[in-house]
Engineer: 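Dumping the structure here so I can ask a few things about it.
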Amino acid sequence: MADTIDALLEGCRRNQPAAQRALYERLGYQLMGVCLRYCPTREEAEDALQLTFVKLFTRLEQYRGQGPFEAWARRIAVTTALNAYHQHRQRGQQVEAEEALDLAHPDGTPFDQMSAEELVQMIGQLPLGYRTVLNLYAIEGYSHAEISTLLGISEGTSKSQLSRARRLLEERLFVLASTTHGND
Amino acid sequence: MTEQESEQFYNDLRHKLHDFGSPVPEAVWSGIQQQLPKPKNRRRWPVLLLLLIGSFVIYEGVVPSSMLRTGLAGPSGPEAVSVAKVGHARQADETSDLAGARAAGAPGVTAGSEAGQTAGSQTASHELASASLKSADGSGVAGNLAAVPTRKVRPTLLPLAGRTRKPVPGEETGEESDASRRSVASTSTRRKKAGLVALAATVNGRRSRTGSRPSRNSGTLDAATREASLGHSLAGSSNKAARRRAGRSGQLGWAAGAANSAAAGKRREATGKTKPVKISYEPIALRHMQAPDLTPEEPEVHKKRRPRVKRSRKDIILRGFGVELLGGSGISYRTLGGSPTQLEKLERPGTSFSGRVGVTYALNRLLTASAGVGYSEYATSLDYMLRKTSQETATRVSFRDVHRYFIIPVQARYRLAGNHRWSVGSMGGATVALRTGSRTTEGSACACTQQEWAPGVSSPYRSSSLLLTAGAFANYQTALGQWLSVRPQAQYFLTSITNPAQSKAPRRPWNLGVEVGMSWELNPRKK
């Protein structure tokens, strides 16, 4: 019988290794996905995940029980993984892509023909700023105001980067779909 | 693309990636553990204590005394008792995770009928013990040792009457298979029936979860769990394997020894050189340990009389005696009686000196008497301007009139407080002063010269005087029998030092001074 999240958290507050391990195994898989979407490389994602859990275990008293713990942990993972974004931005590695063509996506859901891993891989090929804003807005559900605060950019920049990210992603999805249909 | 279409795109994306995740390598957890503060081990000592007690009980109770005598060689030959059979316990429920039941296919140990067949010996359907390991992660192996004795509470090898039978090679009866199916860890009814005492010790409390994603270590852990079975070790495996398994699983050391003996017996049986050894199946009684008597014995007191030291006459004489050497200074002045001259009225106090050596005798612990000889000076000073009537100028005259005495002081001291190290008290006495000389300002009309007065008839001063001494003392013993003494005192001449026949005003000097010196006890007591 799986331990409840409250029991695990209580054990983690007491620094019980078994509880920490259980919580790690419960959330690690999902949070690793979060980190992978924000970090350019898997190594950086693993580092971010490691730091995320260290924060979770050491700042557990900051969790007031308002809302699901998974959401709180996810936010910590996002903010931790965004450090990679800031580091790359300071290095000037952010490359703006050409504005994508306004192409109509195929009928149905554009992501039906691909797995989540492939989709994440495709998103990962987007420019860093686009990818980050897209993740924050579309998947995490942050508003543009929150994104601007998190990333240190203006709301307009956030909106434009989101739009460009969407267009670029749609373009690549269209190309992928065309290639797949062509092969069929 | 409209706003609505964009939101739909984002919703689809969110839905697609909502549950996205990725397996996490084990190195991440290792890194987390390194960065986390170490948990306190304050609750580990009861477990260790329990493990120690359990080890002692098992060692004292389970291991036959014959094995102990033969250095854990164990019974040799086909009638080895320590044969056992490894049987997998029933699939334990995931929820009951103690005593090794959590791991799927937790191994239980059923003692040995089948192993007895293998050894070609009489079957001993005993349940010896069961040991199982919890599944553990890669960094540590969690061990859970459950030692389950037989029906009697006494943890020893006991035959079960209804199960002992002659074994038939290659045959497994229903009774034996029933015995092999019995899992010590999972059969609760048997526990209740037999009143077993289970000893469970968790070596490492960590365990791994295999719920949400596959664990890389699960296979090896299952193997380790199986190997950790005590019965497996006892079931005639090779020496090396038994040692390895016993060492890995953290089991008791005698398991390996028992495995050695079983294996050795097996080898001897194979060579046909062994001789069956009859081993009694009588219950091996626990060694009775008599608790030590907690009431302390009354100490035996041997009254020893110290040998009486015979003091020598010299010691008796010298005991209490001491010598002292003192010197001091002070301010002396005088009292004048009769009608003193104008010059005598001009006298001012002067500086006095004294020094003496004496002998002391302690009358008791408080009172000490002393007598001695010494030298003393009592002086006054004159300082005036002398102007002759014929001259306008005045001459400054400064003289010191001094009277020197050979003194014989006799004093008594009374200690008011103190111990062996220090003492304070009061003192008083009388001193016979024999004048040795005087120098006074007289003998000339101008009073501008001084004159020496040797003891004699023509001297205006007496040859002898009597003076009283009163004061206090403070002594400090700096070494054994060596005292430093400080004595503030006052002296007053009872008799006038002037000769009444010389028509001089009676003069009684007095003195306020401090004497400092040392005194030594001639035969000090060693305390």
Engineer: State, to 0.1 Å, how close A:E117 and B:G21 come at their nearest heavy-atom pair, and which atoms those are.
Structural biologist: OE2-O, 4.3 Å

Engineer: So for A:L162, is it side chain, backbone, both, or neither that comes closer than 4.5 Å to the heavy atoms of chain B?
Structural biologist: both

Engineer: Do you know the tightest heavy-atom contact between B:V24 and A:M32?
Structural biologist: CG2-CB, 3.7 Å

Engineer: Please classify the contact of A:Q20 with chain B as side chain, backbone, both or neither, using a heavy-atom distance under 4.5 Å.
Structural biologist: both

Engineer: Has A:E61 got more than 12 heavy atoms of other residues, nucleotides or ligands less than 6.0 Å from its CD?
Structural biologist: yes

Engineer: Just so I understand: if I count every heavy-atom pair under 4.5 Å between each of A:T52, A:T58, A:V120 and chain B, which residue has the most?
Structural biologist: A:V120

Engineer: Under a 4.5 Å heavy-atom cutoff, which of A:L49, A:L51, A:D47, A:I139 has the most pairs with chain B?
Structural biologist: A:I139

Engineer: Do A:F53 and B:V28 touch side chain to side chain, with heavy atoms closer than 4.5 Å?
Structural biologist: no

Engineer: Nearest 0.5 Å please: distance from the CD atom of A:Q50 over to the CD atom of B:Q34.
Structural biologist: 7.5 Å

Engineer: Indicate yes or no: at least one non-hydrogen side-chain atom of B:S22 is less than 4.5 angstrom from one of A:R42.
Structural biologist: yes

Engineer: Does any non-hydrogen side-chain atom of B:L17 lie less than 4.5 Å from one of A:I123?
Structural biologist: yes

Engineer: Is any side-chain heavy atom of A:L173 less than 4.5 Å from a side-chain heavy atom of B:F9?
Structural biologist: yes

Engineer: Contact between B:F20 and A:L119 at the side-chain level, heavy atoms closer than 4.5 Å - yes or no?
Structural biologist: no

Engineer: For A:S115, is it the side chain, the backbone, both or neither that has a heavy atom under 4.5 Å from a heavy atom of chain B?
Structural biologist: backbone

Engineer: Answer whether the closest heavy-atom distance between the side chains of B:Y10 and A:L134 falls below 4.5 Å.
Structural biologist: yes

Engineer: For the CZ atom on A:R75, are there more than 12 heavy atoms of other groups (residues, nucleotides or ligands in this structure) within a distance under 6.0 Å?
Structural biologist: no

Engineer: Please indicate whether A:Q121 has more than 12 foreign heavy atoms, meaning atoms of other residues, nucleotides or ligands, lying under 6.0 Å from its CD.
Structural biologist: no

